[in-house]
Amino acid sequence: MWWRDAVLYQIYVRSFADANGDGHGDLPGIRSKLDYLEWLGVDAIWLTPIHPSPNADWGYDVSDFHGVHPDYGTLDDLDALVADAGARGLKVVLDLVPNHTSSEHPWFSEPAKRDWYVWADEPNNWTSTFGGSAWTKHAEVGRYYLHNFLPEQPDLNWWNEGVREEFEETLRFWFDRGIAGFRIDVAHALIKDAELRDNPSVGKAKDRREDRVYNMNRPEVHEIYRRWRTIAREYDPERVLIGETWVPSLAELATYFGDDDELQLPMIFPFTLADLDAAEQRQIVEGAEQMFPEDAWPVWCGSNHDIVRFPTRWCGGDEAKIRCALMVLLGLRGTPILYYGDELGMEQVEIPEDEQLDTAHSRDGARTPMPWARRADHEWWIRHGDLTRNVEDMRADESSTLSFTRRLLELRRADPELRQGAYTSVVGDPGLWTWRRGDGCVVAVNLSDRPRSVRGLQGAIRLDTGLARTGEDATGTLLLAPWEGAVVGG
Ligand code: NOJ
């Protein structure tokens with residue numbers, strides 16, 4: 001169960017590292033940054049979709065599940081990346097988009113595969129996640145096809161055994177090449193109600209909204225993951241299945257673990273979307289601890305390519321808050337996922353209206369190029385943000401947030417309790433979030449504007465967010481300044 005000990009690092013491939021200088025990231029670029037990732041101390045990288053795609057939704061509209069987009073390189077480049085990463089002890093996880101294909105995928109125009117998609121004579125009331133009806137009339141077929149996202153992303157019909165077999169084959173294709181697992185796009189939504197019933201509306205008057213109960217989170221989706229987990233277990237080491245599970249209820253989310261025979265890591269979006277607030281986030285963490293199966297393992301993240309980066313959303317760019325957030329993410333029991341740049345405190349970038357490239361939403365601001373240095377070496381497909389926080393300068397500065405993240409990762413790696421120890425909340429003053437990991441390790445983070453005291457501690461500070469108190473004896477009472485955190489004992 002290597003993923004339990006791992007820190008994952010999400011790479012938005014188009015924006016990470018550009019080896020040939022053509023303005024967008026690529027696989028050789030990622031390969032050239034393996035030294036950096038090894039130095040940082042992460043264990044696995046998750047690459048956003050690398051497959052051929054017309055890019056209506058920047059790679060999430062796949063036109064060939066077995067290929068590599070020419071913008072990113074070739075299958076040989078991927079093999080080389082997996083081999084080089086493996087030599088450094090780093091695993092490579094890919095993104096799988098099984099809910100839909102691109103409308104340019106050959107399946108969509110193949111009459112024999114018509115039943116691989118979802119069709120209706122008349123649309124029901126389902127709306128697309130990106131707005132408007134989820135149905136578009138196909139001129140040639142004369143019927144409506146379903147798209148829970150863009151019209152260029154027709155939904156597959158997961159009741160069809162041919163679709164299931166095709167994707168199981170795809171899993172094996174990549175697992176055989178050494179891919180360590182998949183992050184599964186909209187994992188909760190593959191199966192649609194067999195009768196395509198209208199969704200109910202909930203809420204009152206102006207807050208009335210569609211309750212997406214028939215096009216998402218159907219009970220039959222679990223059968224798909226039981227089959228996939230069986231395949232993941234055929235490999236050594238076992239392959240990991242990470243779900244993009246937008247499921248608001250923790251009790252419901254808990255079902256995605258199955259009887260330890262479905263997803264190993266269904267993502268916990270209630271945590272990601274909560275404020276950086278001790279009471280609010282602690283309640284979600286405790287809820288997950290209580291409601292998830294006993295042998296289940298959580299996964300935590302603060303940023304990704306669809307939402308506003310946490311250093312902006314949670315922390316308003318404040319360095320002390322960013323370090324506290326990193327200590328929360330990396331100090332909880334579970335697998336953390338860092339989004340590229342989180343380690344620097346990289347912020348959301350304001351993209352002017354006329355430069356926006358994301359036709360679906362305005363998500364570009366979370367997808368800007370990785371700031372490797374103070375000056376950008378060339379123009380990229382999307383503008384850079386402020387380059388003050390950049391790898392080159394922050395790596396040279398032992399007091400930087402990057403150095404802090406690295407030291408936290410180092411501590412995690414060195415301390416089995418911080419990696420695997422049980423989580424126990426410790427009662428404290430408002431705004432203070434303190435928890436124990438295992439028997440001897442305590443993480444205390446003051447998410448408030450007032451000083452707070454942590455009582456009853458044993459041992460010394462092993463790492464503090466200001467990087468100035470390491471080694472200080474914390475036995476008895478530890479005073480934490482506003483937005484200061486520390487790992488103690490262990
Ligand atoms: C979730 C992905 O993260 C997002 O970027 C994409 O637009 C939708 N799924 C549709 O694939």
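In each ligand, atom 1 is the first atom listed, and ligand 1 is the first ligand listed. This structure is a prediction, so every number in the text was calculated from the model and none was measured. The residues of the chain are indexed from 1 along the displayed sequence.
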*asked:* Using a 4.0 Å heavy-atom cut-off, which part of F130 comes near ligand 1: side chain, backbone, both, or neither?
replied: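 Just the side chain.
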*May I ask you to identify, for H147, whether its side chain, its backbone, both or neither come under 4.0 Å of ligand 1 on a heavy-atom basis?*
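Neither; nothing of H147 gets under 4.0 Å from ligand 1.
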Is it true that [Y] and [X] share a donor-acceptor pair across their side chains at a distance under 3.5 Å?
| X | Y | answer |
| --- | --- | --- |
| Y256 | Q264 | no |
| Q10 | H305 | yes |
| Y60 | S53 | no |

Proximal ligand 1 atoms for [X], defined as those under 4.0 Å from one of its heavy atoms:
| X | result |
| --- | --- |
| R363 | 4 (C), 5 (O), 6 (C), 7 (O) |
| H305 | 2 (C), 3 (O), 4 (C), 5 (O) |
| R367 | 5 (O) |
| H100 | 10 (C), 11 (O) |

*E223 CD: over 12 foreign heavy atoms closer than 6.0 Å*: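 Count over threshold, so yes.
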*So which of D306, L150, V62 gets nearest to atom 5 (O) of ligand 1, if we judge by its closest heavy atom?*
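It is D306 whose heavy atom sits nearest to atom 5 (O) of ligand 1.
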*Which protein non-hydrogen atom lies closest to atom 6 (C) of ligand 1, naming both residue and atom, and how far is it?*
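Checked against all protein heavy atoms, atom 6 (C) of ligand 1 sits closest to D57 OD2, 3.2 Å.
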_Closest protein heavy atom to atom 2 (C) of ligand 1, given as residue, atom name and distance to 0.1 Å_ =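 That would be D185 OD1, 3.0 Å.
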_Nearest non-hydrogen partners of E289 and Y423, listed with the distance_ =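 Shortest heavy-atom separation between E289 and Y423 comes out as OE2-CB, 3.5 Å.
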_For a quick test of reading the model, state the closest non-hydrogen atom pair linking P154 to S102 and the distance between them._
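Minimum heavy-atom separation between P154 and S102: CD-C, 3.9 Å.
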*Less than 4.0 Å between a side-chain N and a carboxylate O, is that true for D261 and R229?*
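Not counted as a salt bridge, because no side-chain N and carboxylate O are separated by less than 4.0 Å.
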